[in-house]
Amino acid sequence: MSIAVSKYAQSQEYGTVYAYDITMGDFSAKILSFGATWQSMTVPGKDGRRRDVLLGFDTLEGLLGGDYEGMIVGRYANRLSGSVTINGENFDLEKNENGVTCLHSAKEFSFANWASRTVGEDTVELIHYSPDGASGFPGRVEATVRYTLTADGAMKIEYRAVSDKDTVLNFTNHAYFNLSGQGDILTHTMKINAAAYVPVDKLDIPWGEIRPVENTAFDFRTAKPLGQDMNAPDEQIQNARGYDHNFCLDGEAGTLREAAVLRSEEDGITMTVLTDNPGIQMYTGNFLDMPGKGGVHMGAYAGVALETQYYPDTPNRPEFPQCTFKAGEEYHSVTEYRFSVDK
Ligand code: GAL
């Protein structure tokens, strides 16, 4: 068990970016100060060969031109329909998508170089302050993220944030997983413990419906290959060219519980996602198209993101579980990605 820190990049705009390599037996992970990014996760397969199960880049430039690979997203992960109303006051947000919607709070927390330090031999702590008014949101927010690689092969991510004004807080990690470390995820199986999901309009904004998954392509209550219904004649699937939806997790939000299980039979690797969040966005990388690590092209379905979160556009949807926090009130959330290897 060890952590090594090194200089990853020097940027005129962002300063020195640090990399933390955490090693724990057969598992290792790299965390970057820029974007508080989970840059790599090395896991042995049943053949004993180690593979990096995260999509991403070798350089800061790659990350800057990417699709949030491994980054922390906040203060509001996912989409908001252009504005939020807090205590009756309307706040116009930065409309970084189609000039209409606010995706991942524009660059607020992802495109920032966080302050960072090690805690013990297994944890990296990152802190970033975002000013009042950033991307249009009220309140100066201090966010702290802790990544811990546990002895049994889990990456535990703990999020804390506090604002000096009432605001919305909803953080996630945007890692894309591919348990083979190459190719696509169409033959990986997925299980999601959700009896319902949130359908969205053409701009990926919900209208408030929570739709049962039963008899739809969205039923992952029993594990099935991700590719199985990827082309289903379902308007939601067709519009997104695959999955890009929030699943409403079973069980009680606020309690750490199993959310999803991703597995590659071929590699003998299983990843179990646990979270205390009410939802999880599954995005199957439908529009990925860029060079990644080692210059290898990342195309559609090269990886799958499992973003634990509150539902999209929650502040404008009173029927969804709410995430408006009072000034000084702490937002706290935990998500774990547990890796296990067939013996
Ligand atoms: C996901 C989102 C996708 C896409 C991606 C970033 O969280 O659901 O629609 O925007 O982020 O490219």
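Small disclaimer: the values here were computed from a predicted structure and weren't measured. One-based numbering, in listed order, for ligands and for the atoms of each.
Using cut-offs of 30° and 60° for the angle between ring planes, the Phe218 and Tyr197 rings count as parallel. Taking the six-membered ring for Trp and thresholds of 30 and 60 degrees, His128 and Phe109 have ring planes more than 60 degrees apart, a perpendicular arrangement.
In terms of N/O distances under 3.5 Å, ligand 1 is not approached by Tyr68. Inclusion of His174 in the set of residues having an N or O under 3.5 Å from an N or O of ligand 1 is warranted.
The nearest protein atom to atom 10 (O) of ligand 1, hydrogens excluded, is given as Arg79 NH2, 3.1 Å; this is a heavy-atom distance.
Counting non-hydrogen atoms of neighbouring residues, nucleotides and ligands closer than 6.0 angstrom, the NZ atom of Lys326 reaches no more than 12 such neighbours.
For the 3.5 Å distance criterion, the side chains of Asn87 and Asp166 qualify, holding a donor opposite an acceptor.
Every atom of ligand 1 is numbered from 1 in the order shown, and the set under 4.0 Å from a heavy atom of Asp67 is 12 (O). Taking every heavy atom of Asp244 and a limit of under 4.0 angstrom, the matching atoms of ligand 1 come to 2 (C), 3 (C), 8 (O), 9 (O). Under a 4.0 Å criterion applied to the non-hydrogen atoms of Glu307, ligand 1 contributes the atoms 1 (C), 7 (O).
Only side-chain heavy atoms of Leu103 come within less than 4.0 Å of ligand 1; its backbone N, CA, C and O stay farther off.
Cluster annotation: Leu226 and Tyr283 are assigned to distinct hydrophobic clusters (Ile/Leu/Val/Met/Phe/Trp/Tyr, side-chain heavy-atom contacts under 4.5 Å, transitive).
Residues Tyr20 and Tyr147 place their aromatic rings such that the two centres sit no closer than 6.0 Å.
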